[in-house]
Amino acid sequence: MAEGDPPPSRVTASAPATTLLVSAFVVSTCGLIYELLASTIASYLLGDSVTQFSTVIGTYLFAMGVGSWCSRYVKRDELRLFVRTELLIALIGGCSAAALFLLFPLVQDFRVALYALVLAIGFLVGLEIPLLMRILKGFDFREVVSNVLTFDYVGALAASLLFPLLLMPHLGLMRTGFLFGIANGGVALALLMVLPRASGFRLEKVLAIVVLLLLCVGFVASDRLQRWAEVAVYGEPVIYAQTTRYQRIVLTRHGDDIRLYLNGNLQFSSRDEYRYHEALVHPAMGRVANPRNVLILGGGDGLAAREVLRYPQVEHLTLVDLDAEMTSLFSRTAMLTQLNHGSLTNARMHVINADGFRWVREHQGRQYDAIIVDFPDPVDYSVGKLYTETFYRGVRRLLAPGGVMVVQSTSPLVAPMAFWTVASTLEAAGLQTRGYHVYVPSFGEWGFVLAAAGPIPTTVRFPRGRFLTPVSEPLMFDFPPDMARRPTPVNRLDNQILVREFADAWSRYEG
């Protein structure tokens, strides 16, 4: 018998057996966490969350299958191989989030690095359970299978609950990766200490301690690593970064220019945001005779609210934004409240942190004279639902008689099909529309769509801004041929055609 081989039918001690079953729970939890980390980071950096989650999960499961199939060629020394596999998973999986963020600005094709990492982790995870079952072969086979699979599935449930509810908002992606790498390494070290058969595994014990020390250093240095990665991505000093339950919020500052990024996508630059927000708000507000009650959907930075509150007629302004961390940040940070003029703490303001889709569907209160829809671009299906016919029908119900709404609608130059799809979808919801556009240096040519239940007024009155004037406002409604209206489909919940149109157009534009 080779050194390190387990004696046949001798795994009967309760403590080692319990340790092995608990290991099944831990390794299952860790494996799913690595899968969720890769999928989430891919959706952050590449957009289109459905595609990223589908392809990452599919690749991961395929690699697990390959790993399980290859386990048949292990003829002896299963325990030693299991421990080494755990240490490799701990090191690769634990560092995976940091590696992906750091590699993104450095490699030509990020997807190659992403899927190579997913394949490596999946292959190693696929080895784990077959090896564990063979280590437990001294038990009744039915008992081994039922116990191992039970702990495996319970671990998967734990990971799926912990990741969105606790880990993402409180630890962030990098720190979560290192934490579960430590858990994987801890499993290996625990087995080395508890199982009598591992008493001679001196090299593995040294490797386990080294891996755990490296992962602990990574855990402590996670914030610094995240900042390095974000500075490399954005090319600007990062002055604030936070991962909330819903998104990654990053603020950069270069000279007097403050920029907000959500999940890596630019939301505004303080140097020219006034062009965007004046163009967003005033063509709608200025066409309402007496805008007393106003609703903003999105716009958690308070910049659209700043423009709305310039109208003395406004008595009540409601802002519905998903992320409480976002509205809190822009309510309490001095340099940001200077930008939005303290709009989020204004006496006329009422901030509601809720999912806009659900809130619109469930709202039974007042109707609104003007509605400003300022959601992020439809980069994925969770945002794309806020551009659907179903959603717009709900918003239409909230419009008071004579009310006007406006929707930010991406670039009619870069993505004309996506832009006019928004108009077609609003019309399918029973609204009349008028599109317009403006040049914002940080974004380029940008578009908006006015909508109303009846004819849209042509008379417009609004306070003079830094950019928009009664003379320049009519010019925004003129579209040159390369941005002119064209036939487009309707964006519905069951097709989400807008997300694909948007992604295709911007991928072609960015090359």
Side-chain angles (χ1 to χ4, degrees), residues 1-8 10-11 15-35 38 60 63-96 98-99 116-138 144 148 151-152 155 177-219:
M1 183 180 296
E3 181 183 352
D5 276 349
R10 291 289 188 272
V11 188
T18 301
T19 303
L20 286 165
L21 291 175
V22 171
S23 298
F25 172 81
V26 175
V27 300
S28 173
T29 304
C30 293
L32 187 56
I33 290 293
Y34 301 142
E35 185 178 352
Y60 186 85
M64 284 182 64
V66 174
S68 296
W69 184 80
C70 288
S71 69
R72 68 175 63 192
Y73 296 105
V74 178
K75 302 299 184 183
R76 59 187 181 87
D77 223 359
E78 290 95 341
L79 179 58
R80 190 187 298 273
L81 181 58
F82 181 79
V83 169
R84 291 180 177 181
T85 299
E86 287 302 296
L87 292 176
L88 273 174
I89 296 172
L91 189 61
I92 299 173
C95 297
S96 60
L117 198 60
V118 170
L119 284 167
I121 297 171
F123 176 82
L124 292 170
V125 171
L127 284 173
E128 287 178 317
I129 297 302
L131 289 175
L132 189 58
M133 287 183 176
R134 288 164 66 176
I135 293 167
L136 285 164
K137 63 186 177 183
V144 169
V148 170
F151 278 85
D152 184 59
F178 285 119
L179 177 64
F180 281 84
I182 292 169
N184 259 135
V187 164
L189 189 59
L191 293 176
L192 292 170
M193 296 301 179
V194 172
L195 298 182
R197 288 170 291 160
S199 58
F201 293 2
R202 295 183 182 88
L203 175 61
E204 285 74 15
K205 290 176 182 176
V206 173
L207 290 174
I209 292 170
V210 171
V211 168
L212 285 169
L213 287 174
L214 289 173
L215 292 169
C216 287
V217 170
F219 183 86

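Numbers for residues simply follow the sequence, beginning at 1. Predicted, not measured: the structure shown is a model, and the values here were computed from it.
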task: Look up atom SG in C95 and atom CG in L214, then write down how far apart they are to the nearest 0.5 Å.
output: 7.5 Å
message: Is the shortest side-chain heavy-atom distance between I89 and C30 below 4.5 Å?
response: no
query: Hey, what do you get for CG (L81) to CD (E86), rounding to the nearest 0.5 Å?
result: 10.5 Å
message: How long is the straight-line distance from CD of E78 back to CZ of R80, given to the nearest 0.5 Å?
response: 12.0 Å
- request: Flag the pair L127 / R84 as yes when at least one side-chain heavy-atom distance between them is below 4.5 Å, and no otherwise.
  value: no
Reported CG-to-CD1 distance for the pair L189 and I182, which is rounded to 0.5 angstrom: 12.5 Å
field: Side chain to side chain, V125 and E35, heavy atoms closer than 4.5 Å
entry: no
Taking every non-hydrogen atom, the tightest pair across S71 and P130: OG-CB, 3.3 Å
message: Tell me the closest heavy-atom pair linking A38 and V118, and the distance in Å.
response: CB-CG2, 3.9 Å
query: When L213 is tested against each of V217, V211, I209, V210 for side-chain contact (heavy atoms from CB on, under 4.5 Å), which residue passes?
result: I209
Side chain proximity check, N184 to Y34, heavy atoms < 4.5 angstrom: yes
Atom pair CG/CG of L87 and L212 - distance to nearest 0.5 Å: 7.5 Å
query: Taking the side chain as C-beta and beyond, is there a heavy-atom pair between T29 and F25 under 4.5 Å?
result: yes
query: Which distance, rounded to the nearest 0.5 Å, do you find between the CZ of F123 and the CG of L88?
result: 10.5 Å
